[in-house]
Amino acid sequence: MPVHHRFYSGTREYAQVVILECGSKSTPLIAGVCRDAGVCTRTMAPADFEHYAAASIPKAVFVSGGPDSVYDFAALQIPYGLLMYLNHNHGTAIFGICYGAQALAHAAGGKVKKASFAEVGTHMLKMKHVIGGYLGGPVVMNHSDEIASLPFGWERWGSTERSAYALFGTDNILCTLFHPEMGDTQDGEKLIAHFLYSLARCRQDHTTGPEAFVADAIPFISDAAPEGGMVVGVSGGVDSAVTLELCRQVLGRERVYGIHVDNGFLCEGETEEVRRLLGEDGMIYEDAARLFWRTCERINWRNRHEKDYFSELRQKVGERFISVFEKRARRIGGIRYLGQGTNFSDIQETNTGLVRHHNVGGLPDRMELEVVEPLAGLHKFEIREVAEYLGLDQEIVWRQPSPGPANSLRMWPPVTRAKASPVARANRILEEEVRRYYPDPRDRPSQYYAALISGRMAGIVGDKEVYGYAILVRAVKRNPRESYASAEPFSFPDDLWRTIDTRIRAEVVLQDGMPIVAVCWHGTGKPPARIECH
Ligand code: XMP
């Protein structure tokens, strides 16, 4: 396995707060909210908790959401007996979220059953009793089981139209069917802070903010990379730009090289833009488009589920990135480290099997370079704060994220060079129009892209009926805990949408000469949709 140096700011080997990870995509956000509230956490699998608790008794335990149903034969088991022992004897407070809430209620004698309708997306929570200043409001739900009755002695504190028991508990056990950790849940952090400080009586043990983060990251980087040079993979996004800047400041510009790789699936003109933003000094621009096209075109796509196909694609793209970095490092000479802007969500999402991020799950087993990841403990919005603090260009600070495999995730299989160029063009048009309409990057949607969707459809060009393709335009709103675990769809104003639609239809041409006959707006939030198509 590659040697990793990961700086998990805000996590501790033995923390006051333990998060039992039951497989939810948003579990990393629980750690983020606790860290923001000034409390360090430790995340672990429920099966590891007994061993941990024998050495250190936590003040609070979160039981996260997850994909199982408590009645599944193979449902993930929570250490209920141990949790109750700690709760009764040591006052450990417990917070169950979604699956965690159902598992606690079920184990305590409540009834959980399949709901007649899944409750997914944003719903209104009405409070029966205000707790800790939390007043309810919009909450993000993502469940298909409901609580039919509470365990004896437990109380109902809040409900939604479809869930009678959406917020409930007893003494210092708090359960929510919704996700308070998600940015689209209003005031979720207030509820978590009440749990941490009033119910669990935690003490503040983490200093938040970019200044404190940078002060801690400096010794981490100098210890992780004591001698030799470093290449930093730089996409042009905020994560990698912050990594580059931090490593330059700590190790000195002469030891650090930024490498921007054109992987053949970037938005049109993107490399030139990164060049303008990051300059030439200490930067290497590598055109590896052909290599990546070949890599993708060799992946078997026939008779395969898209999930398997794109998972393999992420893996292969990841390996290809590393081979390009290592080849370049050998040519420079004396390079021992690879700096990456991998963030907390990338790591957690890959570890829980939700998305195989190329920069985590896509790393080859054997690597020549040691990987240094100073941002491994931070979420996107925290990285933006660090970028502001370091004085990076506003266009970088607020730049929308892009997946490492870039636009290759934004087309139907097989991923080919022929499809790369119309998608690149459509994305450039979208980018130009969004920027024109919203000169201040903070006003733009949090993420937006254009994708080529499969299947041809009828259109009318001139007086003739023609068949052509459709381009999907997806945009999501910025939320206060911008982490992309949940997202609300962004609606374009009419005049902006008209220009986007007209320009994409007029300017995007496919290799087979077929026109684009429709531009479709993707108006579904996450959950249930993902942000990327694949
Ligand atoms: P989803 O599609 O899971 O995406 O809602 C959430 C965020 O993650 C980014 N993303 C990726 N980033 N490699 C990356 O580096 C990947 O394979 C990948 N897949 C998704 C995506 O851009 C969005 O911001």
Side-chain angles (χ1 to χ4, degrees), residues 24-29 67 120-121 140 142 179 182-184 233-241 243 261 263 265-267 270 292 295-296 299 306-322 340-363 371 373 375-376 379-381 383-384 398-411 415 423 427 431 444-451 472 474-479 481-490 522 524-534:
S24 160
K25 189 164 181 142
S26 61
T27 306
L29 294 180
V120 179
V140 178
N142 194 9
H179 288 271
M182 286 191 176
D184 291 298
V234 179
S235 63
V238 63
D239 303 356
S240 53
T243 306
V261 176
N263 68 5
F265 292 101
L266 301 181
C267 175
E270 197 163 338
F292 279 87
T295 303
C296 292
I299 300 172
E306 284 85 346
K307 187 171 189 317
D308 299 331
Y309 173 77
F310 281 100
S311 172
E312 184 177 343
L313 183 126
R314 282 192 167 93
Q315 170 83 29
K316 294 269 161 67
V317 165
E319 288 170 2
R320 184 50 74 209
F321 266 117
I322 299 298
Q340 291 204 123
T342 311
N343 66 36
F344 198 50
S345 308
D346 295 344
I347 296 169
Q348 297 288 313
E349 286 177 5
T350 305
N351 290 349
T352 53
L354 283 152
V355 182
R356 194 172 192 166
H357 287 273
H358 76 284
N359 48 348
V360 189
L363 295 185
V371 182
E373 296 175 322
L375 309 184
H379 292 291
K380 183 72 85 190
F381 70 96
I383 297 172
R384 293 201 200 282
W398 294 103
R399 206 170 161 84
Q400 63 157 326
S402 160
N407 291 335
S408 62
L409 303 179
R410 294 160 179 177
M411 59 185 75
V415 169
V423 180
N427 277 286
E431 187 70 78
R444 296 172 198 158
S446 177
Q447 191 170 10
Y448 43 99
Y449 68 81
L472 181 80
R474 173 97 165 116
V476 294
K477 285 185 193 160
R478 211 176 280 290
N479 76 37
R481 304 195 60 78
E482 207 186 11
S483 69
Y484 307 100
S486 68
E488 289 285 305
F490 177 94
H522 185 328
T524 304
K526 173 182 177 177
R530 289 256 312 273
I531 293 173
E532 297 297 333
C533 297
H534 297 290

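Numbering of ligands and ligand atoms starts at 1, following listing order.
Between R410 and ligand 1, no N or O atom pair is found at a separation short of 3.5 Å. When only interatomic distances are considered, the shortest N/O to N/O separation between I531 and ligand 1 falls below 3.5 Å. Residue-to-ligand polar distances keep Y484 apart from ligand 1: every N/O pair is separated by 3.5 Å or more. Residue S402 has no nitrogen or oxygen atom sitting less than 3.5 Å from a nitrogen or oxygen atom of ligand 1, judged on distance alone. Between G404 and ligand 1, at least one pair of N/O atoms sits closer than 3.5 Å.
When heavy-atom distances to ligand 1 are checked against a 4.0 Å cut-off, S345 has no atom that comes that close, whether in backbone or side chain.
Protein heavy atom closest to atom 24 (O) of ligand 1, with residue, atom name and distance, is Q447 OE1, 2.9 Å. In this structure, the protein non-hydrogen atom closest to atom 13 (N) of ligand 1 is H357 ND1, 3.3 Å. Scanning the protein for heavy atoms near atom 19 (N) of ligand 1, the closest one is R314 NH2, 2.9 Å. For atom 21 (C) of ligand 1, the nearest non-hydrogen atom of the protein is E532 OE2, 3.4 Å. Of all protein heavy atoms, the one closest to atom 5 (O) of ligand 1 is K526 NZ, 2.5 Å.
Rounding to the nearest 0.5 Å gives a distance of 10.0 Å between OG1 of T295 and CG of N263. How far OG of S486 is from CG of N142: 10.0 Å, rounded to the nearest 0.5 Å. Taken from SG in C533 to CZ in F310, the straight-line distance is 8.5 Å, to the nearest 0.5 Å.
Between the Y449 side chain and the I531 main chain, a donor and an acceptor come within less than 3.5 Å of each other. The backbone N or O of A450 lies less than 3.5 Å from a partner atom in the side chain of N427, making a donor-acceptor pair. For the pair H534 (side chain) and Y309 (backbone), a donor-acceptor distance under 3.5 Å is absent. With R384 contributing its side chain and R399 its backbone, the two residues share a donor-acceptor pair below 3.5 Å.
Comparing heavy-atom distances from atom 3 (O) of ligand 1 across R530, R474, K380, Q400 singles out R530 as nearest.
For the residue pair Y484 and S446, a side-chain donor N or O sits within less than 3.5 Å of a side-chain acceptor on the partner.
Ligand-side atoms of ligand 1 in range of P405: 13 (N), 16 (C), 17 (O), range being under 4.0 angstrom from any heavy atom.
The salt bridge (charged side-chain N to carboxylate O under 4.0 Å, His left out) with E532 is formed by just one residue from the set R314, R410, K526; it is R410.
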